[in-house]
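Throughout, protein chains are lettered first and strands after them, A, B, ... in sequence-line order, and every chain is numbered starting at 1.
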Number of protein chains: 2
Amino acid sequence: MSQFLWPTPIQNVKNLNKHAVLDLIRFTPGGISRAELAQRMDLSRAAMTAIVNDLLESAIVRETESHSKQSGRPPIILEINPARGHVIGIDMGVTHLTIALSNFAAQVLDEIEIPFDITQGPEPCLAQAEALLTELLEKNDLNIEKIMSLGIGVPGPIVSEEGMVIAPPVMPGWDGYPIRKQIQAYWSIPVSLNNDAELGALGEWAYGAGRGESHLAYIKVGSGVGAGLLLNGQIYQGSTGSAGEIGHLTVDENGPACDCGNTGCLEAVAGGKAIARQGREAIQKGQRTLLSSMGPIEELTARDVAVAARRGDLVSQQIITRAGSYLGIAIAGLVNLFNPRMVVVGGGVSQAGDLLLQPIRDTIQRRSLPGAAKTVKINTAILRRRSSSMGAVVQALSNALHQFAEKKGGESLL
Amino acid sequence: MSQFLWPTPIQNVKNLNKHAVLDLIRFTPGGISRAELAQRMDLSRAAMTAIVNDLLESAIVRETESHSKQSGRPPIILEINPARGHVIGIDMGVTHLTIALSNFAAQVLDEIEIPFDITQGPEPCLAQAEALLTELLEKNDLNIEKIMSLGIGVPGPIVSEEGMVIAPPVMPGWDGYPIRKQIQAYWSIPVSLNNDAELGALGEWAYGAGRGESHLAYIKVGSGVGAGLLLNGQIYQGSTGSAGEIGHLTVDENGPACDCGNTGCLEAVAGGKAIARQGREAIQKGQRTLLSSMGPIEELTARDVAVAARRGDLVSQQIITRAGSYLGIAIAGLVNLFNPRMVVVGGGVSQAGDLLLQPIRDTIQRRSLPGAAKTVKINTAILRRRSSSMGAVVQALSNALHQFAEKKGGESLL
DNA sequence: AAAGAATGTTAAAACTCTTGACAAATACTA
DNA sequence: TAGTATTTGTCAAGAGTTTTAACATTCTTT
């Protein structure tokens with residue numbers, strides 16, 4: 001069946017097919033012909049001609065040559081017109097800020113990343129983002145008028161209608177701050193705000209490890225731990241935008257205290273902060289480990305532990321494996337409840353690779369019902385630390401493309 | 001926005017509005033006028049006239065008088081035509097079998113329930129169901145040709161396309177047995193097979209405690225524990241039909257063994273079987289409890305414990321409270337991941353009422369993120385032990401009604 | 001070169017929905 | 001009590017989308 005995944009409020013059911021065709025073109029690698037579109041959407045070729053002509057007229061879509069291998073007239077392949085415009089994707093993490101510039105074909109043209117501290121609160125953080133975006137635009141000889149849409153991800157539960165976060169455990173000072181409104185006021189372009197794990201899921205679904213999966217979960221193991229849930233390419237936010245908050249599942253009754261006020265949360269034993277802390281503790285205890293030689297102890301990061309583990313450091317491996325087991329407990333619960341076809345593990349800690357994944361897989365096999373556990377695939381993110389920024393690009397593109405698709409004829413901007 | 005919730009494979013997008021109108025009429029208590037339908041669906045009154053005329057012609061819908069309170073022409077109220085036909089809903093539990101006969105307006109005309117043992121395997125169980133259904137039909141002077149559709153719920157993970165259960169922990173011998181095909185072959189009517197907790201959710205959503213909630217979870221605390229998840233009135237089954245398997249979340253590392261092979265599953269500490277066992281153990285330990293006077297110890301059920309607890313028996317109350325705490329742990333996880341607006345607790349054990357619910361609520365408040373925990377409502381099932389059979393009726397009606405709505409003109413069956 | 005096959009286009013007809021007008025049936029008001 | 005306002009439901013014309021059926025296009029195969 002066709003998928004419906006444009007984020008703009010489902011306006012007219014009229015252009016429904018037009019939007020569905022657009023998405024099918026977007027997410028078919030290598031493009032797709034009118035005939036195949038018609039087949040996939042259960043429409044006549046004649047109808048498809050009309051729809052595609054609309055899209056061609058607005059210059060969202062373009063034709064490319066193709067070399068046929070079968071007998072019969074070779075199809076004309078359709079693809080998104082990359083030059084139709086640009087969009088921006090922003091990944092605002094706890095400790096880093098990434099901004100990506102992309103064309104309409106979701107090709108990232110440039111990208112800047114800087115260290116960052118989200119706990120500074122909204123004003124200074126958004127000012128930093130503004131400066132960085134300005135820099136990126138200047139570097140690429142673009143001004144903001146050429147940017148059609150902006151997507152941004154932040155590490156907290158989102159209220160989409162309001163464009164703000166609600167009671168975010170790791171974003172002190174942001175609760176209720178009108179993030180989208182603020183950005184939109186400054187740049188005067190459409191802005192969509194999402195949770196970073198949700199965007200990670202979207203990114204991996206569109207162009208990563210979970211391409212086209214109907215039921216996908218993305219687990220972001222960064223400073224904290226969050227999950228993004230995707231159903232048929234659509235972000236599942238739950239009733240108040242708090243869906244997928246896997247980081248605060250209790251996985252160890254007697255575990256350490258968590259920032260959220262509870263004890264034994266997944267995040268408190270397997271998040272990046274927790275892993276770094278365990279690394280420092282190991283050094284302080286005087287254990288033999290590579291970690292002692294990786295710079296000043298107070299600057300030790302989870303990524304250092306992951307890297308050391310890959311290099312064969314036993315202490316680090318133990319820490320990562322333990323974290324994997326805890327992640328497995330929580331993900332096993334997610335598998336039992338949500339029953340995804342694929343779980344993509346991303347975020348900085350996932351650099352540890354199979355060292356982290358194997359205990360996750362083992363725990364899931366042991367703890368989830370066979371029906372769900374047998375079919376679920378557990379993989380690392382292909383887009384690496386770009387999952388979320390790519391998801392932000394995808395989201396921004398959805399806005400831009402479907403906005404253009406609404407208009408009749410393409411008043412030839414550009 | 002309008003909801004799309006007919007279960008038949010989304011055929012043509014053509015009659016989309018017709019089906020949506022039908023559902024709006026079905027689930028609006030007291031009926032609805034053309035004008036209000038048009039408003040709610042964002043269509044013109046003229047278009048609505050045409051759609052409704054179609055439905056009237058097929059006699060699925062009928063007009064009723066109404067007394068207007070406002071100025072202006074009084075609206076003509078539309079409602080489902082109860083006499084258009086009948087459907088059957090079957091709830092096949094672990095220890096009981098319930099069959100309900102309903103008219104097209106979802107009014108249950110008759111109902112039979114017998115004790116039952118699902119572990120006998122498919123053939124004897126289905127034979128019993130056939131016999132019971134025959135009895136019900138004879139009692140009501142109907143033969144099977146007058147039944148337009150049949151819905152059935154069983155306590156296991158469902159593969160919908162195949163109409164069978166897959167690796168069910170509590171249905172030995174049923175794995176892979178073609179349940180739907182078998183029933184369909186015997187009675188020659190459309191059959192839909194679902195998980196009993198899913199149907200419980202559907203029943204409570206349509207006519208119970210969760211009426212119209214967009215994000216609903218139903219927790220069935222019967223012999224085992226299962227959850228049914230509903231999104232906009234549609235059952236969420238996950239990628240392989242195993243979604244909502246909350247019973248096998250690990251809630252106590254050091255807990256007792258579960259039938260599924262794991263240890264510390266929710267079901268093993270808070271399911272009906274577990275509660276009954278704890279009751280028996282209390283008697284055997286010689287604790288002062290009402291339970292000792294409730295008949296032979298080996299026949300003690302979870303419902304007995306629930307009843308004793310309501311009567312003030314401290315030992316029973318302790319057992320129920322403990323079970324509630326464990327349920328709370330698992331439901332807190334579900335709230336964090338799924339973020340429903342309402343959780344309906346049903347099944348035999350839920351008869352204990354607030355005694356069970358209060359510890360659940362407390363645990364959720366403590367363990368879930370505030371954003372999700374504050375908004376979620378925790379209630380008991382209004383339909384009591386009829387939740388699932390009612391859900392089966394709803395499902396059967398969806399099949400029957402939308403099938404009739406497909407046809408042009410109503411070749412006046414009956 | 002002719003046949004076969006798949007793609008894409010065109011024009012007419014069918015279908016759905018909107019617009020604007022109007023009839024119907026009530027409450028309110030003078 | 002008659003007139004006005006108000007809301008509901010219907011009708012006819014027109015716009016927009018999709019299907020049907022025919023045809024043109026462009027390749028491979030024979």
B/I88 to B/I147 - nearest heavy-atom pair and separation: CG1-CG2, 3.6 Å
Contact pattern, 5' to 3', of nucleotides 21-26 of chain C - B, S or - by protein heavy atom under 4.0 Å: --BBBB
Between C1' of D/dT19 and CD of A/Q39, the distance in whole Å: 17 Å
Salt-bridge contact B/E161-B/R180 (side-chain N to carboxylate O under 4.0 Å): no
Nucleotide D/dG16, atom P - distance to CG of A/D54 in whole Å: 11 Å
Min side-chain heavy-atom separation B/N195-B/Q237 under 4.5 Å: no
Residues A/E63, A/R34: salt bridge by 4.0 Å N-O rule: yes
Selection from C/dT16, D/dG9, C/dG8 that lies nearest to any side-chain heavy atom of B/T49: D/dG9
Salt bridge B/E213-B/K377, side-chain N to carboxylate O under 4.0 Å: yes
Residue pair B/Y236 / A/Y236, side-chain heavy-atom distance below 4.5 Å: no
d(CG, A/L16; C1', C/dT16) in whole Å: 14 Å
B/M48 CE - D/dC11 P separation (whole Å): 16 Å
d(CG, B/N15; C1', C/dA14) in whole Å: 14 Å
Contact summary for A/A396 and A/V87, nearest pair of heavy atoms: CB-CB, 3.9 Å
Sorted by number, the residues of residues 29-37 of chain B with heavy-atom contact under 4.0 Å to DNA chain D: B/S33, B/R34, B/A35
Atom pair distance, as rounded to whole Å: CG in B/N53 and C1' in D/dT10: 9 Å
Given C/dC17, D/dT20, D/dC11, the nucleotide with the shortest approach to the side chain of B/A46: D/dC11
Short side-chain N/O contact from A/N17 to OP1 or OP2 of D/dT17, under 4.0 Å: no
Integer-rounded Å distance: C/dT19 C1' and B/L43 CG: 14 Å
Spacing of B/I51 atom CD1 relative to D/dT8 atom C1', expressed in whole Å: 17 Å
Side-chain donor-acceptor contact under 3.5 Å, B/T28 with B/R40: no
Flag for A/H402-A/N15: side-chain donor and acceptor within less than 3.5 Å: no
